[in-house]
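Just so we're on the same page: letters track the sequence lines, and every chain starts at 1.
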Amino acid sequence: MPEKPTLDGLEDRWARVWADEGTYAFDRSATREQVFSVDTPPPTVSGSLHVGHVFSYTHTDIVARFQRMRGKKVFYPMGWDDNGLPTERRVQNYYGVRCEPSLPYDPDFTPPEKPGKQQIAVSRRNFVELCETLTAEDEKAFEALWRRNGLSVDWSHGYQTIDARARAISQRAFLRNVERGQAYVSMAPTLWDVTFRTAVAQAELEDREHTGAWHRIAYHQGERSDGGSHGAQDVFIETTRPELIPACIALVAHPDDERYRALFGTTVRSPLFDVEIPVLAHPAAEMERGAGIAMCCTFGDLTDVQWWRELDLPNRTVINRDGRLLRDVPEWITSEQGRKRYEEIAGATVHTAKERIVAMLQETGELDGDVRPVTRPVKFYEKGDKPLEIVSSRQWYIRNGGREATMRDEMIARGQELQWHPEYMRHRYEDWVRGLNGDWLVSRQRFFGVPVPVWYRLDDEGEVRPDQVLTPTDDALPVDPSTDVPPGFTAEQRDVPGGFTGDPDILDTWATSSLTPQIAGMWTVDDDLFSRVFPMDLRPQAHDIIRTWLFSTVLRSHLEHDALPWAHAALSGWILDPDRKKMSKSKGNVVTPMGLLEEYGSDAVRYWAAGGRPGVDTAFDRGQMKVGRRLAMKLLNASKFILGVGVPAGEPDLSAVSTPLDRALLARLTEVVQKATAALEGYDYAVALELTEQFFWFFCDDYLELVKSRAYGEFDEAGRDSARATLAAALRVLQRLFAPVLPFVAEEVWSWWQEGSVHRAPWPDIHELATSAEVDPQVLTIASDVIGGIRRAKSEQKLSIRTEVESLSVQAAPAALEALREALSDVRAAGRVRDVELVVSPDGELVTTVGGPTA
RNA sequence: GGGCGCGUAGCUCAGCGGAAGAGCACCGGCCUUACAAGCCGUCGGUCGCAGGUUCGAAUCCUGCCGCGCCCA
């Protein structure tokens, strides 16, 4: 035990001991029942560390430490998320390269010292290797932070979401979905980001207010020549997307709409292009919106897709994947004038095409009245800044219940089976599942990521046959179809008629992230391990990715294992800056966590984090860190004091606890143990800490002061031994109660007098403080109240706390006085009281009168 | 527009049907042989607003207002 205890340096010292001694190593001989397994969220290593990481990961660590002390074999791995756009960008910029899957692998490639102005194209395998090199550096910084933060992770169990194991597992799970018909390829209208040139899934969408304008446009009834002014025979529609007139396939109105009933079944001719268009009825048309009759195009929005599908309309897409109109005049525009007009907009961007079309409509007089500006919600890719287009393309989907009611019900049932912390987060999941409107689009037209592990046959004309999918053998995984060859083919047959072609796409990052329990638990790689940890106990994560990460993980596990991936989901809140805004890098209000750990100490920062209840956003608060530091300091000093008084070695002998005050103290602590344990079992670490902390300060400020003299041996031996045994027993319990939240200081004080790590010591049991004799809790409360009264009197008279009190009069109910008598010698010693008078109070109220204190 | 959560002391929050609480801050004290990076004490609130249920409401119900998140 050091002369002058300090918090400085505890982190380094104990982190090293824990690593050397394998304190947190997973015991893989344990059976599933003995294991507590955690599906740790893999942090995005390319992102910067911020205090929110420390916050939420601490929560999980507290739970893991609690479970470990309860005797569970804790499986607590760490993964790194280096799959996806942030890493792709970082690798590109850092090395000055770009991923070009058509290139062959170059084993000798080394990136230039400094990135050049021109990006160097490299193969996908080279790109992935560079990614692994770069993220290895980022991971070191994360690991150093986590170790200093005190995460009790078993660092021998780790993964990267782009490493070979993760790629193989991701592809294997996907192929098994394909085999069972749970994943399928389809040529379908797809929401498309023209900037990123990739398809976008429902989970990545967001609605944003976008300014547009209503254009009132004439369609013409009957035979007409090209264009020209409109007449009485016109049908007016209102649209914000006049550039889609060449893609128009129908006009649609509600079946009950009297205004258009006569037109159903007839045709009209489109303005400018003079294409014959049917007028149809469909209930999705809104009578109140615009003119009540809508222009259905391929594709302006998702309603168009619905009409196209349900009304069995032709596909007349005019917008390319680059956001420009088709360069060739579409075949369905037949009139000479129409074809000439299309040439005006061929190859133009959507924006330019709109301007030109409007100009032409004004010229022909087919635009009626003024353009009316409107702001309305438009779908965007969450990372994009242009409205999404809808294009037709070949894509892979995984069934998620979005198109099948039975499966949707199954997914909802899974959500009900899962235990949510806090409970109300369940709604987010259910709302999401109920709102699904299609299957999960998993293919992305990006270059960096886990490749879609399939090839397609090419027919004799060299056309791709999406209906003839070629898959790899299982032992070949992971594969890259852009360089690897499907079974039964040779490299020479690539991209030649009668041969094959590789699927150029990659899988959505969530398609891999949704398998973190399988990746961490080594599904299909080490099935023995997997059987011991899966289904896992806990998924900790943030509440904003319930619809993505949580849902997709439940889905994959449901499809593959017909089980939940974990029993519990604990949703952490966010860190808010003092202005109640979410802390994020883009706002520039991020505090670096390492600096905090150094300034206040890790235990202090963990203390602050532990105050954030599950699911509740928490304010960044240095004040709480100071309080945490004080608490850690107090635990050092209180431990030093108790051990300095001299306590029996080894297990405390409770038979020596003979004094009523001591028994009452242990009884109260037992209650704390019972409540804190229940709270932690329910993932409520904040309540557990609060209870422990409240008791601890009472223990220090009142109980320690009361028994000090007795413990020093100023009275009789029995009283002394009773006090010392109580102090020892209480301290041993308190140090363990604090261990999950304050692992460093708890380990430090434990090491002064106990064997082994406190983090492997058994969690306090409610029976371990039980004494045989009857306990009167009032002894403790009245002793504490009276000592408080004496302090108040001294404080009011601005006297030193040491001042002797000549006489003390206590009025109280008879039972209370009886209890006080049991602790009177302690009270007198602590208050420096000479004479005491106990008076039965008529109303039972406690009155403490301090007489004649002399300075 | 829908769903969820939150409005309690200057600040951060607990309490969620039986006398308004904690910590921090503020203020006033105390060198007390574990800790002055400590300790003791004081001050401080129509519990967002309005109704209702109840013997009793911060707590339950309804409706507003404000903030946040998720989704349209």
Shortest non-hydrogen contact from P743(A) toward R606(A): CD-NE, 3.1 Å
Minimum-distance nucleotide (side-chain atoms of C700(A) versus rC69(B), rA34(B), rG41(B)): rA34(B)
Non-hydrogen atoms of H254(A) and P283(A) that approach each other most closely: CD2-O, 3.2 Å
Separation between the P atoms of rG5(B) and rC27(B), rounded to whole Å: 41 Å
Aromatic plane relationship, H568(A) with Y683(A) - under 30° parallel, 30 to 60° tilted, over 60° perpendicular: tilted
Side chains of W752(A) and Q735(A), donor plus acceptor under 3.5 Å: no
Polar side-chain contact S800(A)-rG29(B) base: donor and acceptor under 3.5 Å: no
Nearest-Å distance for atom pair NZ/P, residues K798(A) and rU32(B): 18 Å
First of H543(A) and S639(A) reached from the 5' end of RNA chain B, by closest nucleotide: S639(A)
Rounded interatomic separation in angstrom, taking CD from E423(A) and C1' from rC4(B): 12 Å
Which nucleotides of RNA chain B pair, in dot-bracket form (Watson-Crick or G-U under 3.5 Å, | meaning another strand): ((((((((.[[[[.)..(..]]]]..((((.......))))......[[[[[..)....]]]]]))))))).
Nucleotide nearest M633(A) (side chain, heavy atoms from C-beta), chosen from rA37(B), rU32(B), rC39(B): rA37(B)
Nearest-angstrom distance, C1' atom, rU54(B) to rC60(B): 10 Å
Distance, rounded to the nearest Å, where Y607(A) contributes OH and rC13(B) contributes P: 13 Å
Geometric class of the F551(A)/W432(A) ring pair [parallel <30°, tilted 30-60°, perpendicular >60°]: perpendicular
P atoms of rU62(B) and rC69(B), separation to the nearest Å: 25 Å
Shortest non-hydrogen contact from M411(A) toward N400(A): CG-O, 3.9 Å
Nearest-angstrom distance, P atom, rA9(B) to rA58(B): 15 Å
Position toward the 5' end of RNA chain B (nearest nucleotide), E206(A) or N637(A): N637(A)
Minimum-distance nucleotide (side-chain atoms of R630(A) versus rC30(B), rC35(B), rC24(B)): rC24(B)
Integer-rounded Å distance: rA72(B) C1' and E209(A) CD: 11 Å
R613(A) side chain, from C-beta outward: closest of rA14(B), rG28(B), rA34(B): rA14(B)
Touch class at under 4.0 angstrom, heavy-atom based, for R629(A) against every strand present: base
Side chain to side chain, M625(A) and D603(A), heavy atoms closer than 4.5 Å: no
Q624(A) CD - rC13(B) P separation (whole Å): 9 Å
Side-chain donor-acceptor pair present, Q541(A), W549(A), cut-off under 3.5 Å: no
Selected nucleotide, minimal atom distance to L704(A) side chain, candidates rA14(B), rU42(B), rA34(B): rA34(B)
Closest listed nucleotide, where the reference is the side chain of R428(A) and the choices are rC70(B), rA34(B), rG28(B): rC70(B)
Let me have the donor-acceptor pairs involving side chains of residues 690-701 of chain A, under 3.5 Å, with sequence neighbours excluded, atom names and distances please.
unit_1	atom_1	unit_2	atom_2	d
T692(A)	OG1	A688(A)	O	2.8
E693(A)	OE1	Y607(A)	OH	3.1
E693(A)	OE2	Y607(A)	OH	2.6

Minimum-distance nucleotide (side-chain atoms of K4(A) versus rA36(B), rG41(B), rC69(B)): rA36(B)
Donor-acceptor contact below 3.5 Å, side chain Y57(A) vs main chain P41(A): yes
Minimum-distance nucleotide to Y424(A) side chain [options: rC40(B), rA34(B), rG5(B)]: rG5(B)
Spacing between H427(A) atom NE2 and rG5(B) atom C1', to the nearest angstrom: 10 Å
D431(A) bridged to R426(A) by N-O distance under 4.0 Å: no
Interatomic distance at C1', rU46(B) relative to rA50(B), whole Å: 14 Å
Distance between C1' atoms of rA19(B) and rC13(B) (Å, rounded): 22 Å
Nucleic acid contacts - residues 683-699 of chain A versus RNA chain B, non-hydrogen atoms under 4.0 Å: E690(A), W697(A)
Closest to the K379(A) side chain, choosing from rA72(B), rA34(B), rG28(B): rA72(B)
Out of rG28(B), rC70(B), rC35(B), whichever nucleotide has its closest atom nearest the side chain of K634(A): rC35(B)
Rounded distance in Å between the C1' positions of rG15(B) and rG7(B): 15 Å
Spacing between Q797(A) atom CD and rC30(B) atom P, to the nearest angstrom: 13 Å
Side-chain donor or acceptor of Y685(A) paired with backbone N/O of G612(A) under 3.5 Å: yes
Short side-chain N/O contact to rU42(B) OP1/OP2 from R792(A), under 4.0 Å: yes
Distance below 4.0 Å between K626(A) side-chain N/O and rA25(B) OP1 or OP2: no
Nearest-angstrom distance, P atom, rG44(B) to rG3(B): 43 Å
Rounded distance in Å - CD (E796(A)) to C1' (rC30(B)): 14 Å
Y712(A) side chain near rA34(B) phosphate (N/O to OP1/OP2, under 4.0 Å): yes
